[in-house]
2 protein chains.
Amino acid sequence: MDPTVHDVARRANVSISTVSRVLNNSAPVSEDKRRRVLQAVEDLQFTPNPAARSLLGQATGTIGAILPHITGEFFADLLSGLDEGIKQHEYLLMVSASRRLEHDFIAALQGMYKRVDGLVIMAPELSAERVLTLTGSSVPVVFLNTHSTTPGMLSVNFNNRDGMVKIARHIADRGHKRAAYIGGPSDAFDAQERQQGFLETVPDGLKVMPYSGDFSFECGYKNGQKILNSSPRPTVIVAANDLSALGAMRALLENGISVPDEIAVTGFDGTRSAHFSTPSLTTVNVPIGQLAANAVELLVNQLSNESPYESPEKPAELELIVRESSSKKY
Amino acid sequence: MDPTVHDVARRANVSISTVSRVLNNSAPVSEDKRRRVLQAVEDLQFTPNPAARSLLGQATGTIGAILPHITGEFFADLLSGLDEGIKQHEYLLMVSASRRLEHDFIAALQGMYKRVDGLVIMAPELSAERVLTLTGSSVPVVFLNTHSTTPGMLSVNFNNRDGMVKIARHIADRGHKRAAYIGGPSDAFDAQERQQGFLETVPDGLKVMPYSGDFSFECGYKNGQKILNSSPRPTVIVAANDLSALGAMRALLENGISVPDEIAVTGFDGTRSAHFSTPSLTTVNVPIGQLAANAVELLVNQLSNESPYESPEKPAELELIVRESSSKKY
DNA sequence: GAATTGTGAGCGCTCACAATT
DNA sequence: GAATTGTGAGCGCTCACAATT
């Protein structure tokens, strides 16, 4: 059996409340007893049972994250940013992937009930309001890349719309006249914002053929095959994210079509694969690791009441990164 | 204030133990009262407080994972496999990255104390024995890709050594006479096994120049630059993992050196980047997602006592995948 | 007497308050 | 009287046992 405060108290010859006081520094304790307690803790390898603490309404020391996915470069970077931020404040991280399914999302939420002090939630297929209905405002929540209409919510966003506006201007600059647009999941607000940004910005002389996708490599690949066989063939493929752009590029290269000489390709997210693919991929950089760390920072501030009403900042502006895949003038 | 069993009991006009019985199906309850309890639970949106439950020595419903890293394709796939397996058994996942530092590893372990029912641990830079000294055998542990000399431990491994033996034979077959070997972290047993497998298998006529690395893209890139300027230049670069192989390949391509015509390159891990890089990368496939799911399966079995003494299987055999990057005969 | 129900103790802590120096 | 210490209750549950039908 693991030792408890009673064991420590007995060994140090003090009462359990003295042990508690030493452990939490919650009241002055004589130097003599403090030393004995610490010695006993050391001897017994005592660690307080977190369940007992959280039962008393204390913090659990854990932060939960619910994300659409856990795999893939984008989410790995996101997770890494969360982990970094959480370590800095000595919290623990509990994660769950919703797979973009409301059922899984609710299951994750219920699972984390009373197990976490706060939540970082990315749910572009839901809205912040919908999520709050589900959480019942029992814990502080910071939203990441999630649509919200209510002001004053804690959230970290980035400007999906404007990022894609930059792509649209760029390919217009390059003289393209026919573009294929590979979209993201239709229920995801970030995918919608990107698509709108694109469609609203392209000049009249640039014809857009939309293809539906889901942010996956596979959808990019399949759409790429369709696109290269379409007629008249577009001169550029604009994908809603890097992964599907790389899929499309793969389809083109496998069929001997040169990028960017015959068809240009662009992505979105700024993943490392986009940097190191051949040809390297033009994209919009989303510093998701940093943004995730910011979200943790906001949440921790909220939890420690240091700045209980931190107003949410504007969505982060994203930078266009032009690379080989769209370097040719048409 | 969130509702408790008392609130439910009051509303259903029963005692709290009847509520508990309905919730846990631990004893027969009359149909009438059962219905009333369930109705009250529904009305009040009651969810039992997990802290109270785990205080009674009950399961926490959480599985912890401590991994060297959380980012990168390999670990993202690993994490995804864990998440998949854990969801299947309705557990929650708590994760922490040790960054290969013993200090961080211990911190993660302490943080998870009494918060998890079991642990999946990957610590190639430590050993299973060292880890068990630290955990103090207070929770069941399943090891993943971690060195162990004690038989009977729960572990999931894969044959790093043999995987690299296959690479060595392959490049000998291709007629190479000079190879550069980019290693992994020297304290990591998987990196050691791979390097040994390679060095012990290459024929006498094949000269090997070792370069030290750390499994990162950057180390591959830097070593790649060194290698291409070395004289006599090797005809093949064998990297301890895909990421560093891709880094090396990048350095070669940037300097106008053709792969595989001038220098061949091989990796290890079987990541998707290896599949889709240009040229595609010869590698050894490590089905890490599947292996991670197996580890969860083992752990869950152990926790449910279904097969309390499952003997560990042999390390999984890995498959060589020959692709463009080593397709040329020398 | 068998089925169902309720009462009370206790898991390991922290906090208010009383008791001790 | 001020500083330090201990006692007892209680957080929200489950389980053993007693009490009820």
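Naming convention: chains lettered A, B, ... in sequence-line order (proteins, then strands); numbering from 1 in each chain.
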Inset, instruction - Starting from C1' on dC13(D), measure out to CG on Asp7(B) and report it in whole angstrom. - result: 13 Å
Inset, instruction - Please check the phosphate of dC11(D) (OP1 and OP2 only) for any side-chain N or O of Thr4(B) closer than 4.0 Å. - result: no
Legend entry - Under 3.5 Å donor-acceptor, Arg115(B) side chain and Thr62(B) backbone: no
Inset, instruction - Rounded off to whole Å, could you give me the CG-to-C1' distance for the Leu23(A) and dT14(C) pair? - result: 11 Å
Legend entry - Per Ser17(B) side chain, nearest of listed nucleotides dT5(D), dC15(D), dC13(D): dC15(D)
Legend entry - Nearest to side-chain heavy atoms of Ser15(B), which nucleotide of dG12(C), dC13(D), dT7(C): dT7(C)
Legend entry - N or O in side chain of Arg53(A) less than 4.0 angstrom from dT14(C) OP1/OP2: yes
Legend entry - Side chain of Lys33(B) (C-beta onward), nearest among dG12(C), dG6(C), dT14(C): dG6(C)
Legend entry - 5' priority, DNA chain D, between Ser20(B) and Val29(A) [closest heavy atom]: Val29(A)
Legend entry - More than 12 heavy atoms of other groups within 6.0 Å of Glu31(B) CD: yes
Legend entry - Which nucleotide in dC13(C), dG6(C), dT5(D) has an atom nearest any side-chain atom of Ser30(A): dT5(D)
Legend entry - Nearest-Å distance for atom pair CG/P, residues Asn24(B) and dA16(D): 13 Å
Inset, instruction - For Ile16(A), answer base if it contacts any base atom (sugar-phosphate contacts may also be present), sugar-phosphate if it contacts only those atoms, and nothing otherwise; contact means non-hydrogen atoms under 4.0 Å. - result: base
Inset, instruction - Give the minimum heavy-atom separation between Asp2(A) and Asp7(A), together with the two atoms involved. - result: O-OD2, 4.3 Å
Inset, instruction - May I ask you to verify if any side-chain N or O of Asn49(A) is less than 4.0 angstrom from the OP1 or OP2 atom of dC11(C)? - result: no
Legend entry - d(CG, Leu55(B); C1', dT14(D)) in whole Å: 11 Å
Legend entry - Residue Pro48(B), side-chain heavy atoms: nucleotide from dT5(D), dC13(D), dG12(C) that is nearest: dC13(D)
Legend entry - Protein-nucleotide distance (Asn25(A), atom CG; dC13(C), atom C1'), rounded to Å: 17 Å
Legend entry - Sidechain-backbone polar pair: Ser80(B) side chain, Leu78(B) backbone, donor-acceptor under 3.5 Å: no
Inset, instruction - Find the partner of dA18(D): check Watson-Crick (N1-N3 plus N6-O4 or O6-N4) and G-U wobble (N1-O2, O6-N3) distances, both under 3.5 Å, and reply none if neither fits. - result: dT5(C)
Legend entry - Rounded distance (Å) that lies between atom P of dT14(D) and atom NE2 of His6(B): 11 Å
Legend entry - Nearest-angstrom distance from the residue atom CZ of Arg21(A) to P of dC13(C): 16 Å
Legend entry - Phe189(B), Phe143(B), Phe105(B) screened by side chain to side chain contact (heavy atoms under 4.5 Å, CB included) with Leu126(B), the one that passes: Phe105(B)
Legend entry - From dC11(C), dG6(C), dG10(D), nucleotide with atom closest to Leu56(B) side chain: dC11(C)
Inset, instruction - Return the value, rounded to whole Å, for the distance between atom CD of Glu31(B) and atom C1' of dT5(C). - result: 16 Å
